[in-house]
Amino acid sequence: MALSFDVEVAPTPAVRRLRALAAILCAAGFVHAGWLAGSPLGPLAAILGLAAGWLAWRYGGRSLARGHLWVDDAGGARWSPGAPGAPRWADSDTAPRSSASAAPATEAGVARPVRIERWWATESLVWIRLGVAGERRGRDLVLARSGCDAARWRSLATWLAWLGRGGA
């Protein structure tokens, strides 16, 4: 089974809406808790909730990964952070994307091998936690179905199912 494909990763409108709803839910939960508390600490909880919602909105977008994910024929993944764009290859500009020997490169440098630490998929959304060698913190990729064409979405779903079974 050939698993090779590539996906540009950038926050789509659906992912940005999800981020906004999470920040609103955070703030609303704290405000509601403050209202229910009824004690002198209630207004403090409401104010903290509004501040937490604002912080979630302000800084939550920084963790939304942007870049390019490549998967080769063997199911190995490579990640190149930065602005998504047409991939270039380190070997040549004409190397096929399915070639496992050719390392993709972008403006930010050569893509690095990654390991998939966790993943979760629904019908229209995929979350993947990548572990990049040399980095303490993993990268979270959130992909919406509306951001991929049908063939890439099927390839992504097939690859994740293959990972769930443990590969070959």
Side-chain angles (χ1 to χ4, degrees), residues 1-26 29 56-168:
M1 171 194 300
L3 293 174
S4 62
F5 67 95
D6 65 288
V7 176
E8 288 187 20
V9 179
T12 61
V15 172
R16 288 192 295 270
R17 272 194 307 274
L18 182 64
R19 178 179 152 250
L21 288 174
I24 291 168
L25 183 62
C26 169
W57 174 254
R58 175 87 172 125
Y59 298 106
R62 293 184 183 190
S63 64
L64 295 176
R66 290 169 173 80
H68 214 98
L69 175 69
W70 289 272
V71 176
D72 59 25
D73 289 333
R78 290 180 166 270
W79 170 253
S80 179
R88 291 187 351 213
W89 295 86
D91 297 359
S92 73
D93 288 334
T94 59
R97 291 185 184 182
S98 63
S99 173
S101 62
T106 65
E107 299 302 322
V110 175
R112 300 187 323 193
V114 293
R115 68 186 180 288
I116 308 306
E117 294 178 350
R118 296 181 200 150
W119 62 272
W120 178 74
T122 67
E123 183 179 326
S124 60
L125 192 69
V126 168
W127 167 76
I128 302 172
R129 164 67 56 98
L130 299 178
V132 181
E135 291 184 11
R136 280 181 20 172
R137 195 174 72 97
R139 293 191 180 269
D140 292 324
L141 308 183
V142 180
L143 296 114
R145 187 176 195 155
S146 61
C148 294
D149 60 17
R152 284 198 172 113
W153 187 259
R154 280 192 305 275
S155 296
L156 180 63
T158 301
W159 177 60
L160 292 173
W162 178 81
L163 284 175
R165 288 196 298 269

S.K.: Any idea which heavy atoms bring G147 and T12 closest together, and the distance?
M.R.: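 Looking at all heavy atoms of both residues, the closest pair is CA-CG2, 3.7 Å.
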S.K.: Can you measure from CD1 (I128) to CG (L160) and round to the nearest 0.5 angstrom?
M.R.: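 Reported to 0.5 Å precision, the distance equals 5.0 Å.
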S.K.: Are L143 and L69 close enough, and set up right, to give a side chain to side chain contact (heavy atoms under 4.5 Å, CB included), and what steps lead you there?
M.R.: CA-CA 11 Å; L143 296 114; L69 175 69; 5.6 Å; no
S.K.: Carefully, step by step, assess W120 and R129 under the rule side chain to side chain contact (heavy atoms under 4.5 Å, CB included).
M.R.: CA-CA 9 Å; W120 178 74; R129 164 67 56 98; over 6 Å; no
S.K.: How far does CZ of R145 sit from CG of L156, to the nearest 0.5 angstrom?
M.R.: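 Going from the CZ atom of R145 to the CG atom of L156 covers 10.5 Å.
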S.K.: Look at the side chain of W119 and the backbone N and O of V126, then say whether any donor-acceptor pair between them is shorter than 3.5 Å.
M.R.: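 No.
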S.K.: Minimum heavy-atom separation for A10 and R66, please, with both atom names.
M.R.: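 In this case the closest contact between A10 and R66 is CA-CG, 4.4 Å.
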S.K.: Report the C-alpha separation of L130 and I116 in whole Å, then their side-chain angles, then the decisive distance to 0.1 Å, and conclude whether the side chain to side chain contact (heavy atoms under 4.5 Å, CB included) test is met.
M.R.: CA-CA 5 Å; L130 299 178; I116 308 306; 3.2 Å; yes
S.K.: Main chain of W79, side chain of R112: is a donor-acceptor contact present, judged purely on distance under 3.5 Å?
M.R.: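 Checking the backbone N and O of W79 against the side chain of R112, no donor-acceptor pair under 3.5 Å is found.
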S.K.: Starting from the C-alpha separation in whole Å, work towards a yes-or-no answer on side chain to side chain contact (heavy atoms under 4.5 Å, CB included) for W159 and V7.
M.R.: CA-CA 12 Å; W159 177 60; V7 176; over 6 Å; no
S.K.: Can you tell me how far apart CZ (R118) and CG (D140) are? Round to the nearest 0.5 Å.
M.R.: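 Spacing of CZ (R118) from CG (D140) equals 9.0 Å.
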S.K.: So, for G131 and E117, which heavy atoms are closest and what is the spacing to 0.1 Å?
M.R.: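 G131 and E117 have their closest heavy atoms at CA-OE2, 3.4 Å.
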S.K.: Kindly give the heavy-atom pair with the smallest separation between W162 and A74, and that separation in Å.
M.R.: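 Answer, listing the atom of W162 first, then A74: CH2-O, 3.4 Å.
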S.K.: Could you report the tightest heavy-atom contact between R78 and A111, atom names first, then the distance?
M.R.: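 Between these two residues, the closest heavy atoms are NH1-O, 2.8 Å.
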S.K.: Donor-acceptor pair, R152 side chain versus F5 backbone, under 3.5 Å?
M.R.: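 No, R152 side chain to F5 backbone: no donor-acceptor pair under 3.5 Å.
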S.K.: What's the shortest heavy-atom distance between H68 and E8, and which atoms?
M.R.: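 Looking at all heavy atoms of both residues, the shortest contact is CE1-CG, 3.2 Å.
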